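Following: one structure in structure tokens, then a few remarks.
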Amino acid sequence: MLLLLLACKTSESVPPPDFLIAPVELGAPRTSGTGLDPARTEDLGLALWAALPIFGENPAFDMPMDVEALWHPEVVQDEGSCPYSEVLPDGTLYQSDCRSTDGYDFSGSLERRVWSASDGDYQSLDADFEVVGDVENADFGRILLRGMLAEVQPDQGDVVQHLDLNLHMEVEGYWELQKPTDPRLEAWKNWTLTGSLERHRDGGWLVDLAVEIGGAGGFIARSSNLKKAEGCPVEMAGEILLSPELRLGLGGLSSCDRCVDVVQSDEVTGTACAP
């Protein structure tokens, strides 16, 4: 019960960062970010690696785009029916029904928009979509995408990328065939993020995310001081607040080990590492 209370207190007691670009509303939250067990450090490390930009990658943006690419019309257009549309930067609407006699069973819809404006480049994803591989030797077993993503890359100012997302993903039967030891196998089984991230030109990040990935339970992660660690490309420096009593400390250059310290009431109680 104490863990649940800590998670619930995060949004009330830890203020969100001051984003330079105001977050946009993307519907009812897909996760409340509660239920974290900080003692399950292996599961926590997986969730951090698959959600936050702290280990040299940008998983909140990259992973949805990677999953979307698995069933993209260029891949499966000869085997199935995929209700898919894409608005290109010049305003052209591209639609594909991907119709054939057998191969993949599609249901729902997905729209991806990419456009440019006077102040920068924009991209959005709006999904309520499921595809099941129902043919022998299918590239994957099942992919589900539900929710929205909105990204802006401004042309000027301090912000390089602002990302808002409220997205749930499930992937089965892909990494089991490609590489069963890949940690994305577990992360993509249940990947849910709600919130915002913002990357600045000085290499720093602002984070306000509700996270529910794998078996660590849900948590809300907030940070205003994630900074690039010179000489350490695989770990940021700074701290992430999960509640007033629970935080994650990143060593950056001092450690550069793709790990964070789990700190409860100012006492280090464990270490969570990227898989």
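Predicted model, so just to flag it, every value in this text is computed and none were measured.
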*Any sub-3.5 Å donor-acceptor pair from Asn225's side-chain atoms to Glu239's backbone N or O?*
yes
*Identify whether Leu125 and Leu197 are in the same connected component of the hydrophobic contact network (ILVMFWY, side-chain heavy atoms under 4.5 Å).*
yes
*About how many Å separate CG of Asp126 and CG of Leu110, when rounded to the nearest 0.5 Å?*
7.5 Å
*Check the pair Leu48 / Phe219 against side-chain contact (heavy atoms from CB on, under 4.5 Å), numbers first and verdict last.*
CA-CA 10 Å; Leu48 295 172; Phe219 55 92; 3.9 Å; yes
_Rounded distance (nearest 0.5 Å) linking atom CG of Leu248 with atom CD of Gln264_ = 10.0 Å
*Test side chain to side chain contact (heavy atoms under 4.5 Å, CB included) applied to Leu36 and Val211, Ile220, Leu44, the passing residue*: Leu44
*Shared hydrophobic cluster, Leu165 / Met148 (ILVMFWY, side-chain heavy atoms < 4.5 Å)*: no
*Atom CG of Asp66 with >12 non-hydrogen neighbours under 6.0 angstrom*: yes
*Would you indicate whether Asp18, at its atom CG, is surrounded by more than 12 heavy atoms from other residues, nucleotides or ligands within a distance under 6.0 Å?*
no
*asked:* I need the Glu267 CD to Glu245 CD distance, nearest 0.5 Å.
replied: 14.0 Å
*Any chance you could lay out the side-chain contact (heavy atoms from CB on, under 4.5 Å) test for Asn190 and His168, step after step, and finish with the verdict?*
CA-CA 7 Å; Asn190 177 23; His168 172 73; 3.1 Å; yes
*Same hydrophobic cluster for Leu20 and Val152, using side-chain heavy-atom links shorter than 4.5 Å among ILVMFWY?*
yes
*Distance from Gln123 atom CD to Leu163 atom CG, nearest 0.5 Å?*
9.5 Å
*Should Met65 and Val160 be regarded as members of a common hydrophobic cluster, given that ILVMFWY residues are connected when their side-chain heavy atoms come within less than 4.5 Å of each other, either directly or indirectly?*
no
_Does Gln178 have more than 12 heavy atoms from other residues, nucleotides or ligands lying within 6.0 Å of its CD?_
yes
*Is it true that Asp208 and Arg222 have a side-chain N and a carboxylate O under 4.0 angstrom from each other?*
yes
*asked:* Let me confirm one number: the CG-OG1 distance from Leu26 to Thr194, rounded to the nearest 0.5 Å.
replied: 9.0 Å
*Working to the nearest 0.5 Å, report the span between CG of Asp164 and CZ of Phe19.*
7.5 Å
_Please identify which of these residues, Leu70, Ile213, Asp182, meets the side chain to side chain contact (heavy atoms under 4.5 Å, CB included) condition with Trp188._
Leu70
